[in-house]
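Remarks on the structure that follows.
Per chain, numbering begins at 1; letters A, B, ... match sequence-line order.
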2 protein chains.
Amino acid sequence: MNIDTPITARHSDSTRETLIRAAIDIFGRSGFDGASTRAIADAAKVNQALISYHFGGKSGLYLAVFEHIAGIMQQRVGPIVAAIEAELATEQAGDAAAVSARLASLHRLTDGFVALLTSDESAAWASLILREQQNPSEGFDLLYTRFMSRVLGVIRALVARIRGTDPASVETRLTALTIVGQVLVFRAARAAVMRQMEWQTTGPDEANAIRQTIHRNVTAILTQKDSR
Amino acid sequence: MNIDTPITARHSDSTRETLIRAAIDIFGRSGFDGASTRAIADAAKVNQALISYHFGGKSGLYLAVFEHIAGIMQQRVGPIVAAIEAELATEQAGDAAAVSARLASLHRLTDGFVALLTSDESAAWASLILREQQNPSEGFDLLYTRFMSRVLGVIRALVARIRGTDPASVETRLTALTIVGQVLVFRAARAAVMRQMEWQTTGPDEANAIRQTIHRNVTAILTQKDSR
DNA sequence: GTCTATAGTCGGATAGAC
DNA sequence: GTCTATCCGACTATAGAC
């Protein structure tokens with residue numbers, strides 16, 4: 001019951017923040033092993049010894065990077081996801097007009113992801129996440145539970161409403177994942193995409209072309225007259 | 001004009017091969033920087049100094065790994081691709097019966113990829129290739145020119161025939177890439193997939209469910225009545 | 001072609017002054 | 001909280017015997 005808050009809680013936070021920002025860049029470019037604490041400290045223009053002081057070591061900084069990314073994601077897509085969740089809660093299935101509204105929501109979601117995955121700033125942390133997908137550590141756990149599961153849940157719910165299927169079924173889950181895959185490929189297989197499309201960058205025009213193709217695909221997949 | 005072939009051409013090749021096989025595993029698991037030549041030599045049960053002797057160093061071994069992968073790919077999917085190329089060459093567009101035959105060819109292709117990407121053996125080199133996609137080096141160049149471009153070309157041709165579009169158009173290329181993405185996601189976002197599906201492994205049953213979903217999606221995408 | 005031994009470099013962590 | 005200086009372990013590459 002001390003009146004003073006602990007001194008350590010009054011970290012300037014600028015050093016921590018600067019280090020995390022630099023770490024995303026360097027870890028993203030070189031991976032955990034390839035990145036040296038010296039390189040990160042240099043990029044942040046901060047003394048190398050401060051990494052151990054603030055994060056307890058290289059691994060601590062790595063984990064802090066994922067906490068930071070999860071925070072940004074939550075902040076950026078959280079409201080959008082929440083809005084869709086609200087829509088889904090108020091409206092019942094079976095309404096014909098609702099189908100096109102749900103489809104519009106799904107298009108908005110994929111549009112957002114395309115914008116994110118084609119942006120230059122996403123390059124660094126996309127590399128980080130892709131690496132974690134192959135070799136999941138504590139960092140991935142954080143990201144999945146705090147962010148990915150929620151987004152996938154919303155996509156599943158939208159798919160289920162549009163197709164009239166069970167949101168929990170294997171079929172619905174797989175369909176949701178293949179929709180994600182159509183966006184993901186443009187970051188995960190970026191080098192192949194650039195060569196195949198003969199693109200130099202992914203600017204607004206390119207992002208727009210991607211969006212349109214995915215709109216068309218998703219609409220076709222979810223509104224087909226199928227023989228199940 | 002010496003009668004003797006050079007001594008160096010008579011490498012036992014077993015050491016080279018063993019090293020490459022071990023290198024795929026270790027490089028795949030840890031990346032270029034994370035993998036130590038000691039660990040690779042140990043895994044191959046070969047003396048560490050032999051890496052420099054046979055490949056000129058760690059980088060040389062890394063490149064040799066991609067040459068090896070490109071070779072295996074060419075050997076494994078080369079015939080299948082060649083068969084489809086032959087079909088495409090003999091048959092003209094516009095034939096209604098040909099459409100379903102082309103669709104069947106495409107399904108065979110995606111089935112093959114699903115089998116490949118859900119297999120355990122693909123884990124190591126899939127990691128390698130995904131890493132190269134984010135940071136392309138000489139190794140990616142090899143893989144793209146010798147293998148990926150050819151496969152993407154065939155997919156494009158099939159898509160164009162089925163939809164009646166120009167194989168070289170942006171639209172056709174993007175559609176081909178989104179088809180690849182639907183398969184790729186199951187390797188590139190493996191950790192998220194396993195969690196989302198509540199799977200422990202990707203065995204025959206799981207692979208089959210994936211195949212069916214992709215069949216349905218691809219058919220819907222390519223055979224829809226669209227308003228272009 | 002394969003081995004041992006080691007040179008030379010670089011990385012992460014920490015002690016201790018300020 | 002931040003700095004300098006340094007320890008110590010791990011790494012790649014190579015010299016040289018066999």
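- To the nearest angstrom, C1' of D/dT14 lies 18 Å from CZ of B/F55.
- A salt bridge does not link A/R173 to B/E206: none of the charged nitrogens lies less than 4.0 Å from a carboxylate oxygen.
- When rounded to the nearest whole Å, the span between CG of B/D33 and P of C/dT9 equals 19 Å.
- When heavy atoms are screened at a 4.0 angstrom cut-off, B/A39 is found touching no nucleic acid atom at all.
- From A/I221, atom CD1 reaches atom CG of B/N217 across 3.5 Å, with rounding to the nearest 0.5 Å.
- Checked against C/dA13, C/dT2, D/dC3, the side chain of A/R38 finds its nearest nucleotide in C/dA13.
- Contact annotation for B/A35: backbone-only contact, meaning every heavy-atom pair under 4.0 Å involves sugar-phosphate atoms and none involves a base.
- A salt bridge is absent between A/D166 and A/R156; no separation between the charged side-chain nitrogens and carboxylate oxygens falls under 4.0 Å.
- Note: A/E138 CD to A/F66 CZ = 11.0 Å, rounded to the nearest 0.5 Å.
- For B/T37 and D/dC11, the shortest distance from a side-chain N or O to OP1 or OP2 is not below 4.0 Å.
- Rounded to whole angstrom, the span from the CG atom of B/L61 across to the C1' atom of D/dA13 amounts to 14 Å.
- Contact annotation: B/N47 side-chain N/O to C/dT4 OP1/OP2 distance is under 4.0 Å.
- When distances are taken from the side chain of A/S52 to each of C/dC3, C/dA13, C/dT2, the shortest belongs to C/dA13.
- A straight line from CG of A/L50 to C1' of C/dT14 spans 13 Å, rounded to a whole angstrom.
- Protein atom CD1 of B/I51 is 14 Å distant from nucleotide atom P of C/dT4, rounded to whole Å.
- If you measure from atom CZ of B/F32 to atom C1' of D/dT12, you get 10 Å, rounded to the nearest angstrom.
- The B/Q48 side chain lies nearest to D/dT12 when the options are D/dT12, C/dC3, C/dT2.
- C/dC18 atom C1' lies 14 Å from atom OH of A/Y53, rounded to whole Å.
- Between B/R29 and B/D25, at least one side-chain nitrogen of the basic residue sits less than 4.0 Å from a carboxylate oxygen of the acidic one, meeting the salt-bridge criterion.
- Listed nucleotides: D/dA13, C/dT2, D/dC3. Nearest to the side chain of B/H54: C/dT2.
- Counting non-hydrogen atoms under 4.0 angstrom, A/S36 reaches the backbone sugars and phosphates but no base.
- Rounded to an integer number of Å, the gap from B/K58 NZ to D/dT12 P is 4 Å.
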